[in-house]
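Step one of this worksheet: look at the structure below.
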Number of protein chains: 2
Amino acid sequence: MREQVTMADVARVAGVSTATVSYVLSGKRPVAPATRAAVEAAIADLGFAVNTAARSLRTGRSSLVALIVPDIANPFFAQLAATLQEELRGLGMHVVVCNTRADREEERALLAEAVQQRFAGVVITPFRLLPKDLDTLSTAGIPTVVSADVPFGPVDLVTPDARAATRQALEGVTAARRRRIAMIAGPRDATGGDPRLELLRSLAPQFGTSLPGALVVRGEHTREAGAAGFAELMSRRYPPDAVFCANDVIAVGALGKAHELGIDVPGDVALVGHDDASFASLVRPRLTTIRYPAEDVGRAAAELLRERFEGRRVPKTVRVRAEFVARASV
Amino acid sequence: MREQVTMADVARVAGVSTATVSYVLSGKRPVAPATRAAVEAAIADLGFAVNTAARSLRTGRSSLVALIVPDIANPFFAQLAATLQEELRGLGMHVVVCNTRADREEERALLAEAVQQRFAGVVITPFRLLPKDLDTLSTAGIPTVVSADVPFGPVDLVTPDARAATRQALEGVTAARRRRIAMIAGPRDATGGDPRLELLRSLAPQFGTSLPGALVVRGEHTREAGAAGFAELMSRRYPPDAVFCANDVIAVGALGKAHELGIDVPGDVALVGHDDASFASLVRPRLTTIRYPAEDVGRAAAELLRERFEGRRVPKTVRVRAEFVARASV
DNA sequence: GTGAAAGCGCTAACAC
DNA sequence: GTGTTAGCGCTTTCAC
């Protein structure tokens, strides 16, 4: 068991006090160049690394950032985790993954834990959470970034700018003279309703169509729900000729069901997803989708956290541009 | 900023000392039922949660488990992360995700960090690491679980039992009278060579065939490498009529290239992957693969860690059964 | 520009 | 069966 090298060791070797070592590291007060050099040499010599537990205990802040998402196995969130981790690494922060399985109680429990453990920050995609559930975080002064389609209380937000892309998607769909447009949306009790549905609805009239309530079915963000929703839509007396899905996982479930039912995509029905999850380009036909780049989201979230660590107090919103990716399912 | 509730608060309310509160929590020494009840009531009343920073400082052990993998965006590893997190949650442990991008220096750096931060445990899928790189972990007494196809030093191991499944795969392939069997393997400098290739090779003679060196191409575990490898194989004077891939990411890259080249799968060539990543059943034709269940791996790793936390000293190996999944690409 | 020292909340001897 | 207390390594106030 190699013993830990402490600041006291560094201080001794450099011939200074631990306070000075600490200040060299943090830069919170000026240190003479010669002193600084001696300390840095000692740090390198001894292979010193600060004990984050001691630091956390002293400062009341850990070096952990929680990533709280409905489903880390969804490639969109997996990619978000990867990017966030890489971006935060340089700040000495670690990413702790937290899966909520889209369950409100899990979401709340994880949030409570983040407060109790004094996490340095939280990045969350709320699913059934209410904005007020985040109050404990602001009360505790924990920087919080929400990644969601709509504002979610007075916290930092990373949100898609999907208007142009959605317009293009509608254009693509209606250009093929499709008019009966349906959607497989998320569950009714999801936080903030379904903004992707709302956006589509608000834009549809510009293309001479609409998304009537009768052509909206709902379910979880799973393949099973996508399959079930698609089957339901196609069993209607007047089935749709185009189906939008709240995300690509749903879309892929729908596509599987189409194969099963012998329904041709895009011949009989067009299919459009959201996110451009990694598998979207892999299915047949390749899935047309509204891409929401997880890498950009991760970078933006990391940057917002960084600014908070450095003192920013006012909430800020970053819009990440979504992009229409025309492939073969329309 | 709500103040933190400390053990001292709990002790005061329960009318005991902090030591007793601590022992109620840890169970490391007997506590009278009445005392225990009083403490538990106080904990619930006050909403107390231990300060893990203080605990870590005192014990020299954090509550973090590092999951170090080549690519967290690979659905196999994403699923592993999800399962590990859920299994470890009950132990009060958190999972920190660490992406190495298959780079040895990254792998080493992440390991060093785990030691410096006194992580409670490490779960790692080494890619270019050498077994001796893990020595710092054992020296530091950090429980380590390696998830790999072959033994990797004197640490706990979760490894596939893929013999039967691989045999079935060979049987499936050769039943269709295919004899020129090729493989797109991982890079030559990957740790432990390519055990999936070795296994295939050792079993091939039983089916009247072999995997000649000339029909093995190598590359990273990426779609690009899969595409390039497949193109190379098919440009041979005598191209293969069956191609195994080291994992499904590679296989999917190969499949894409087949489409591009107008090569029919499985008509012209059979294709077999490894892992059964989530997208394997999504591509067309649906990918035949040797499934290695990430959920089982995650559960096994969590269990091995738990045993170590409870004092086991001798290394242990858990074999997780792989399964042949016959779909449409053979 | 630098140092001395208090104390963050917990665990685990040691004492009774 | 329970209590007292030292001290883990760090940051930061106060003093010079």
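In what follows, chains carry the letters A, B, and so on, assigned in the order in which the sequence lines appear, proteins first and then strands, with residues in each chain numbered from 1.
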Within this structure, what is the [atom1]-to-[atom2] distance between [X] and [N], rounded to whole angstrom?
X: M7(A); N: dT2(C); atom1: CE; atom2: P; value: 16 Å
X: R61(A); N: dG9(D); atom1: CZ; atom2: P; value: 24 Å
X: R58(B); N: dA12(C); atom1: CZ; atom2: P; value: 6 Å
X: D9(B); N: dC8(C); atom1: CG; atom2: P; value: 12 Å

Under 4.0 Å from any atom of DNA chain D, heavy atoms only: list the residues of residues 41-55 of chain A that qualify, in numerical order.
F48(A), V50(A), N51(A), A54(A), R55(A)
Selection: residues 21-35 of chain A, any non-hydrogen atom under 4.0 Å of DNA chain D:
S22(A), Y23(A), K28(A), R29(A)
For the atom pair NE2 (H94(A)) and CZ (F119(B)), what is the distance rounded to the nearest 0.5 Å?
4.5 Å
By side-chain contact (heavy atoms from CB on, under 4.5 Å), D45(A) pairs with (sequence neighbours left out) none
Pairing residues for V155(A) by the side-chain contact (heavy atoms from CB on, under 4.5 Å) criterion, not counting sequence neighbours
L134(A), T144(A), V146(A)
Pick one: which of E106(B), E220(B), E105(B) meets salt bridge (Lys or Arg N to Asp or Glu O under 4.0 Å) with R128(B)?
E220(B)
Under the ring-ring contact (aromatic ring centres under 6.0 Å, His included) test, which residues partner F76(A), sequence neighbours left out?
Y292(A)
Counting heavy atoms not belonging to R312(B), are there more than 12 under 6.0 Å from its CZ?
yes
According to a strict under-4.0 Å criterion, is S17(B) in side-chain N/O contact with OP1 or OP2 of dG3(D)?
yes
Show me the pairs that pass side chain to side chain donor-acceptor pair (under 3.5 Å) and involve residues 24-39 of chain A, at least two apart or across chains.
none
Considering only heavy side-chain atoms of L57(B), the closest of dC10(C), dT11(D), dC8(D) is dC8(D)
